[in-house]
Amino acid sequence: MKRLIFAANWKMHLGPEAARGYMETFLARVPLLDDREAWFFPAAVALHAVAEAARGRGDLAVGAQNVHWEEKGAFTGEVSAPMILDAGATAALVGHSERRHVFGETDAETGRKVRSLLAHGLTPVLCVGEKLEQREAGVTLSVVGRHLGVLEDLDARALAKVVIAYEPVWAIGTGKTATPADAVEVHAFIRDFMGREGADPGQTRILYGGSVKPDNIADLVGESEIDGVLVGGASLDPVTWGTMVQTPLD
Ligand code: PEP
């Protein structure tokens, strides 16, 4: 059975000391989760601290927010897949909308990152999603299809490892959330794409992200098409996040 994933993207917040304090509060409030997992994406400098805090809890995982596709070399400011693995990560976000639209990352670069992570046994969480003008122009599914295109030549084993996060850009950090019906439509499209590529669509994990908050999380994770959430702002407080992670399921 698929376990829901509650993923926290801390963005450029919480250094190692603050991350340790956060994890202490979170762990005190969240006992072992048996039907879901909580994943944390701290800044690279806090990866090791969070991985140490989560050690021994099989329901928790830690990932990087970004990774370079090369293993090592003259790439000032970058971190590689073997480096995050060494720090305790088991996953990394790839193609987050802030990477695409603030830092100009291309689909080609995103594809190389996915492959580097897979080559090191790490889980890529591939973020896909349309901008507001693209939704209004009715091209949401073709944009999402293009983002997914980086997976096209992967075999079924590799595809089984990939997690997809559907994050409409207009809903990230804006307080606007896609309705569960909007999200379900795109999730179904993604699941269909994965099936056509050779993955087991029923086993593919597809998260929704974009202004998920305590007051809308239950409706989103209550949809069978939605296998979890990727949350930025509302995950920064360990008490709020501890409550969100324990959202009752019907
Ligand atoms: C995100 O950063 O992936 C995100 C969804 O942010 P927020 O929850 O703040 O919209």
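Just the heavy atoms: all of them, side chains too, but no hydrogens, waters or symmetry mates, feed the values below. Read the numbers this way: they start at 1 and go in the same order the structure lists the ligands and their atoms.
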Taking only residues two or more places apart in sequence, or in another chain, which ones meet Glu98 in a salt bridge (charged side-chain N to carboxylate O under 4.0 Å, His left out)? Lys11
Which residues share a salt bridge (charged side-chain N to carboxylate O under 4.0 Å, His left out) with Arg196, sequence neighbours left out: Asp192
Parallel, tilted or perpendicular, judged at 30° and 60°: which one describes the rings of Phe41 and Trp39? tilted
Please tabulate, line by line, the atom pairs linking an N/O of ligand 1 to a protein N/O at a distance below 3.5 Å, with the distance in Å to 0.1, or answer 'none'.
residue, atom, partner, partner atom, Å
ligand 1, 2 (O), Asn9, ND2, 3.1
ligand 1, 2 (O), Lys11, NZ, 2.8
ligand 1, 2 (O), His96, NE2, 3.0
ligand 1, 3 (O), His96, NE2, 2.9
ligand 1, 3 (O), Glu167, OE1, 3.1
ligand 1, 3 (O), Glu167, OE2, 2.7
ligand 1, 6 (O), Lys11, NZ, 3.4
ligand 1, 6 (O), Gly232, N, 3.4
ligand 1, 8 (O), Gly232, N, 2.8
ligand 1, 9 (O), Gly233, N, 2.9
ligand 1, 10 (O), Gly173, N, 2.7
ligand 1, 10 (O), Ser211, N, 2.8

Pairwise side-chain hydrogen bond (donor to acceptor under 3.5 Å, both in side chains) hits with a residue in residues 224-234, at least two apart: Lys2-Asp227, Arg191-Glu225, Arg191-Asp227
Test side chain to side chain donor-acceptor pair (under 3.5 Å) applied to Tyr166 and Glu185, Glu130, His147, the passing residue: Glu130
Check: Trp10/Gln65 side-chain N/O donor and acceptor closer than 3.5 Å: no
